[in-house]
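Side chains included, hydrogens not; waters and symmetry mates left out as well; all remaining heavy atoms used. Residue numbering restarts at 1 for every chain, and letters A, B, ... go by the order of the sequence lines.
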Number of protein chains: 4
Amino acid sequence: MENALSKREQSKEEKRKKILQAARKVFIEKGYHSTSISDIIRQTDLARGTFYLYFRDKQEIFDELVNELFQAITRHVNMLDLDKLESEQDLYHNLEITVQHLFDTLMKHREIAHIVLSTPFGTDSDFDKKIEAHHEMLFQVATVIFRKAVEKGILNADPVLLSHLVLGGMKEIVFQWIVKGRYEGDMKKEVREIVRIYMKGAQNR
Amino acid sequence: MENALSKREQSKEEKRKKILQAARKVFIEKGYHSTSISDIIRQTDLARGTFYLYFRDKQEIFDELVNELFQAITRHVNMLDLDKLESEQDLYHNLEITVQHLFDTLMKHREIAHIVLSTPFGTDSDFDKKIEAHHEMLFQVATVIFRKAVEKGILNADPVLLSHLVLGGMKEIVFQWIVKGRYEGDMKKEVREIVRIYMKGAQNR
Amino acid sequence: MENALSKREQSKEEKRKKILQAARKVFIEKGYHSTSISDIIRQTDLARGTFYLYFRDKQEIFDELVNELFQAITRHVNMLDLDKLESEQDLYHNLEITVQHLFDTLMKHREIAHIVLSTPFGTDSDFDKKIEAHHEMLFQVATVIFRKAVEKGILNADPVLLSHLVLGGMKEIVFQWIVKGRYEGDMKKEVREIVRIYMKGAQNR
Amino acid sequence: MENALSKREQSKEEKRKKILQAARKVFIEKGYHSTSISDIIRQTDLARGTFYLYFRDKQEIFDELVNELFQAITRHVNMLDLDKLESEQDLYHNLEITVQHLFDTLMKHREIAHIVLSTPFGTDSDFDKKIEAHHEMLFQVATVIFRKAVEKGILNADPVLLSHLVLGGMKEIVFQWIVKGRYEGDMKKEVREIVRIYMKGAQNR
DNA sequence: TATGAATGAGAGTTCATTCAT
DNA sequence: AATGAATGAACTCTCATTCAT
């Protein structure tokens, strides 16, 4: 036993974390689909069978990882006060804060974001149910906001189309930042510019 | 041999196409990762070993399929006359045509677009080199256009940022159309709206 | 500890019984081969490792269960008074009582009988030694009785053959009753008929 | 390659037989439940994956083996002319022939009979469906015959009970002969005695 | 060229058993 | 004595790839 602590002395929780940590690492390196449970467990000092003491299968450990990120996002989205969208200023302000927070959260969980962003969904395999559902949630929220803004006369564009453009754009930006490591610059300024582009673009034609 | 033509009489090229055709079908049905070479060859009247006479592995056949689409896109992008971007009208016109053509091409090769859009990339496996390179190409073209427009004073936004937003938005739209099957409506009108949003959004702040 | 008695206060004997009880239940539900030690211990409030404090392996607990039944049968068979077989009446009477008692005992331990009757034997694994030995014992007793009856001139058939027929027939009947749940009717009457068939069949040719 | 013939030169059918042969051997030695596919394939000079080219799983190879025997039995049972049961002589004659043929068939396929007889059924696992169904078939045939004999006044006993007794007895006899290897003697004579016992036993009370 | 049977590495999973606590 | 986390061997099954024909 080469560890300082013997395995018995590590708590179950610690081991669970160790496996999650290993999975996170391997998923980033090899992608979800190419990762085998052996790959994950090989990164730890545990035995193969031990994996199944903590997780049912690859899907479950992926879900758990992704939840960290999704819950953080969802938490913030739920705090959005959709009533505070009376004026153009409100909308700008609200969107800037939301986008900023979204980026912050993604950067904070950048490893998981990395995995999610480099794993596509669309084929109806077991695994992308969750990602799809989460994307749909974000889409719904965006649509509600934009529809409201259109009703108030603040924006003038198809809310559904706009939501797709915005979500797609954001995903690409974050992908470049996190996966491609192409981020440099002042995030605050960038956020302001992004919001401005979409808002100005969607205003009265 | 119940075929009208015996296998011997089919040209090599015909067999190659038959396999490509089969692969396209199965990739869409089961997704790239869940597709085995057996799945592909089962859709043909050829034998398993024959696959390897025409393609090295699954990777290679995927590359070849994807090339059909990429070459079509590249061909058009190369025809873009970047000098015809003097006025705002020019830009609008040019972009509308380009976007329209892009969508047309993707819809024409929608099967392959489907596969590309629902297949992971981002992990540095051999295979996504190609997708990445193609994306990069599109990105470069977009950046050049937007940079030029900024220089001419037509647009006023960070060309790099704008390119990412536009590409991301387009990808999402096409994903919704093709993979999710959520397209209904007048594509021409939609294209005009998309271009308008980005252009208005990126004009003088 | 939510139990009225803490585990410490339960006697070893109680725990042993608890495990046996659980094993009996699971063996019936899933069959001997499909039952894992985890399955057994899951039915108790004990820990997995505890099993091995009481039993060496699945085999041993099975043996012990089966003993309950075998000892009950053996006990009665040993009480048979083989001297009381002078007349045909004696024989009839004795057999009826014996068969009746055998059936009673099997019905009383029907759970274990169920397990025994639906568990393979015949392969020379360790475990069916016991079943075989017990069957042999019954066979010997039957043979002795029938041989005696032949010597007295009451029966006229090969005692060995007759023993096999009788034992096989009984096993089948009990199998139908217990495992298939096909018993309905008046057991006493049935027993009388069974005995009659064998006795009449085996009388002077 | 130590074989005289290379593997390519052996026909598929030969290899299929080789695997069946190996399975038959191992099933007898270890019993169905304790036999793994590795055990079977280890007896051949083939690779593990090859098994699955010929059989879906252990169940399927077992079914195939057992079919050899069951079809042989069924074939003969179907030839039974149930109309030729008018007189006591007819019945005796018919039964003697049937029993004799049954024994012949079982002895001819004694290896498979061995497997079937040492593998119980009763637990509703996948595997014993077939055995159970076959037993049921024999039971039905026996019941029909005995019921008819009762209607004609030739026999006087409960046909169901009698069928169980007869089938159980026969199974036990064959088990002793084949599995225990306890057969000596004149099978013809034995058959005559068995039939006599059951017939006399079941005649008018 | 074309075939397709054979291969064997490797995936996922289960489970009896051990042993530090 | 009792625990239950950890182990790793063993099992079923899949599949890309090879190669004799």
* Structure fact -> The answer to which of C:Thr50 and A:Gly49 contacts DNA chain F further toward the 5' end, by nearest nucleotide, is C:Thr50
* Donor-acceptor pair, C:Ser34 side chain versus C:Gly31 backbone, under 3.5 Å? -> no
* Asked: A:Ser38 has a side chain; which of E:dA11, F:dA5, F:dC13 sits nearest to it?
  -> E:dA11
* Are any of C:Tyr54's side-chain N or O atoms less than 4.0 Å away from OP1 or OP2 of F:dA2? -> yes
* To do: Check step by step if side-chain contact (heavy atoms from CB on, under 4.5 Å) holds for A:Phe55 and A:Asp63.
  => CA-CA 10 Å; A:Phe55 303 96; A:Asp63 276 7; over 6 Å; no
* Asked: Hey, does the side chain of D:Lys12 reach the backbone of D:Tyr54 with a donor-acceptor pair shorter than 3.5 angstrom?
  -> no
* Structure fact -> Separation of F:dT12 atom P from D:Arg42 atom CZ, nearest Å, is 10 Å
* To do: Grab the NZ-P distance between A:Lys18 and F:dA5 for me, whole Å please.
  => 16 Å
* Rounded to whole angstrom units, what separation is found between the CD1 atom of D:Ile40 and the C1' atom of F:dA10? -> 15 Å
* Which residue, A:Lys58 or B:Phe51, contacts DNA chain E at a nucleotide closer to its 5' end, judged by nearest heavy atom? -> B:Phe51
* Taking the side chain of C:Ser36 as heavy atoms from C-beta outward, which of E:dC15, E:dT17, F:dA5 is closest to it? -> E:dC15
* Would you say a side-chain N or O of C:Lys12 is under 4.0 Å from OP1 or OP2 of F:dA1? -> yes
* Asked: Starting at CZ of A:Arg16 and ending at P of F:dA5, how long is that distance when rounded to a whole Å?
  -> 13 Å
* Asked: For the pair made of CG in D:Asp57 and C1' in F:dT14, what is the distance, rounded to whole Å?
  -> 14 Å
* For the side chain of C:Ala47, starting at C-beta, report the closest nucleotide among F:dG4, E:dT17, F:dC13. => F:dG4
* Can you tell which of E:dT17, E:dG12, F:dA2 lies closest to the side chain of C:Tyr52? -> E:dT17
* To do: Take atom NE2 of C:His33 and atom C1' of E:dC15, then tell me their distance rounded to the nearest Å.
  => 15 Å
* **Options F:dT12, F:dA10, E:dT17, nucleotide nearest the side-chain atoms of A:Arg48** => F:dA10
* Asked: Which whole-number value in Å describes the distance from D:Ile41 CD1 to E:dT7 P?
  -> 8 Å
* Point-to-point distance, once rounded to the nearest 0.5 Å, from CD1 of B:Ile178 to NE2 of B:His114 -> 8.5 Å
* To do: Calculate the interatomic distance between B:Asp45 atom CG and E:dT1 atom C1'; express it in whole Å.
  => 15 Å
* Any chance CZ of A:Arg110 has more than 12 other-residue heavy atoms, nucleotides or ligands included, within less than 6.0 Å? -> no
* Would you indicate which nucleotide in E:dA16, F:dA5, F:dT3 comes nearest to any side-chain atom of A:Leu53? => F:dA5
